[in-house]
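See structure below.
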Amino acid sequence: MNERTIEQVLRAHTDEWMSIPGVVGTGLGERDGEPCIRIFVTRKTQQLLQKLPSAADGFVVDVVQSGEFTPRDPHGI
(Lines give C-alpha, C1' and ligand atoms only; values in the text may rest on other atoms or scores of the structure.)
Protein backbone atom coordinates (compact mmCIF):
# COMPACT_ATOMS: atom_id res chain seq x y z
CA MET A 1 0.00 0.00 0.00
CA ASN A 2 1.20 3.49 -0.83
CA GLU A 3 2.37 5.74 1.99
CA ARG A 4 1.69 8.89 -0.07
CA THR A 5 -1.33 10.06 -2.03
CA ILE A 6 -1.13 10.43 -5.80
CA GLU A 7 -1.20 14.21 -5.33
CA GLN A 8 1.80 14.05 -3.00
CA VAL A 9 3.71 11.85 -5.46
CA LEU A 10 2.92 14.26 -8.31
CA ARG A 11 4.15 17.24 -6.27
CA ALA A 12 7.30 15.37 -5.24
CA HIS A 13 8.33 14.55 -8.82
CA THR A 14 7.00 17.41 -10.98
CA ASP A 15 10.12 19.62 -10.78
CA GLU A 16 12.32 16.65 -11.74
CA TRP A 17 10.15 15.74 -14.74
CA MET A 18 9.71 19.36 -15.85
CA SER A 19 13.50 19.72 -16.02
CA ILE A 20 13.60 17.16 -18.85
CA PRO A 21 13.61 18.87 -22.28
CA GLY A 22 10.36 18.10 -24.09
CA VAL A 23 8.22 17.83 -20.94
CA VAL A 24 5.69 20.67 -20.85
CA GLY A 25 3.39 19.74 -17.98
CA THR A 26 2.15 17.25 -15.42
CA GLY A 27 -1.21 16.45 -13.96
CA LEU A 28 -3.59 13.79 -12.76
CA GLY A 29 -5.77 11.60 -14.93
CA GLU A 30 -7.38 8.22 -15.22
CA ARG A 31 -6.32 5.14 -17.15
CA ASP A 32 -8.29 1.88 -17.21
CA GLY A 33 -10.54 3.23 -14.47
CA GLU A 34 -7.64 3.90 -12.10
CA PRO A 35 -6.01 7.21 -11.16
CA CYS A 36 -2.73 7.95 -12.90
CA ILE A 37 -0.11 10.63 -13.19
CA ARG A 38 0.07 12.33 -16.57
CA ILE A 39 3.24 13.77 -18.04
CA PHE A 40 2.61 15.99 -21.06
CA VAL A 41 5.32 16.16 -23.74
CA THR A 42 5.75 18.13 -26.94
CA ARG A 43 6.54 14.97 -28.93
CA LYS A 44 6.34 11.40 -27.70
CA THR A 45 9.68 10.00 -28.87
CA GLN A 46 11.45 6.82 -27.82
CA GLN A 47 14.36 8.89 -26.51
CA LEU A 48 12.06 10.94 -24.28
CA LEU A 49 10.11 7.88 -23.11
CA GLN A 50 13.37 6.32 -21.92
CA LYS A 51 13.88 9.29 -19.58
CA LEU A 52 10.41 9.07 -18.04
CA PRO A 53 9.08 6.47 -15.62
CA SER A 54 6.20 4.10 -16.34
CA ALA A 55 5.26 4.30 -12.66
CA ALA A 56 6.05 6.55 -9.70
CA ASP A 57 5.76 5.31 -6.14
CA GLY A 58 3.24 2.68 -7.22
CA PHE A 59 1.12 4.94 -9.43
CA VAL A 60 0.92 4.44 -13.20
CA VAL A 61 2.47 7.23 -15.29
CA ASP A 62 0.78 8.01 -18.61
CA VAL A 63 2.88 10.03 -21.08
CA VAL A 64 0.67 12.16 -23.34
CA GLN A 65 1.79 13.98 -26.48
CA SER A 66 0.24 17.43 -26.19
CA GLY A 67 2.47 19.68 -28.25
CA GLU A 68 3.54 23.04 -26.85
CA PHE A 69 1.38 24.80 -24.27
CA THR A 70 0.95 28.53 -24.70
CA PRO A 71 -0.44 30.78 -21.98
CA ARG A 72 -3.77 32.41 -22.64
CA ASP A 73 -4.21 36.12 -22.38
CA PRO A 74 -5.90 36.60 -19.00
CA HIS A 75 -7.97 39.41 -20.53
CA GLY A 76 -9.27 37.28 -23.39
CA ILE A 77 -7.75 39.50 -26.04
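Everything numeric here is computed off the predicted structure, so don't read it as measured data.
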Next on the checklist: So, using side chain to side chain contact (heavy atoms under 4.5 Å, CB included) as the criterion, who are the partners of E30 when residues are at least two apart?
Outcome noted: none
Checklist outcome for this item: Sorted by chain and residue number, the salt bridge (charged side-chain N to carboxylate O under 4.0 Å, His left out) partners of R11 (sequence neighbours excluded) come out as none
Next on the checklist: With heavy-atom distances below 4.5 Å as the criterion, would you say the side chains of S54 and V61 are in contact?
Outcome noted: no
Tabulate below the donor-acceptor pairs under 3.5 Å that side-chain atoms of residues 39-47 make, not counting sequence neighbours, or state none.
{"unit_1": "K44", "atom_1": "NZ", "unit_2": "V63", "atom_2": "O", "d": "3.0"}
{"unit_1": "T45", "atom_1": "OG1", "unit_2": "L48", "atom_2": "N", "d": "3.1"}

Next on the checklist: Show every salt bridge (Lys or Arg N to Asp or Glu O under 4.0 Å) that has at least one partner inside residues 58-67, sequence neighbours left out.
Outcome noted: R31-D62, R38-D62
Counting only pairs under 3.5 Å, give me each side-chain donor-acceptor contact of residues 12-23, with atom names and distances, residues two or more places apart or in other chains.
{"unit_1": "H13", "atom_1": "ND1", "unit_2": "E16", "atom_2": "OE1", "d": "3.3"}
{"unit_1": "H13", "atom_1": "NE2", "unit_2": "D57", "atom_2": "OD2", "d": "3.4"}
{"unit_1": "T14", "atom_1": "OG1", "unit_2": "L10", "atom_2": "O", "d": "2.7"}
{"unit_1": "T14", "atom_1": "OG1", "unit_2": "T26", "atom_2": "OG1", "d": "3.0"}
{"unit_1": "S19", "atom_1": "OG", "unit_2": "E16", "atom_2": "O", "d": "2.6"}

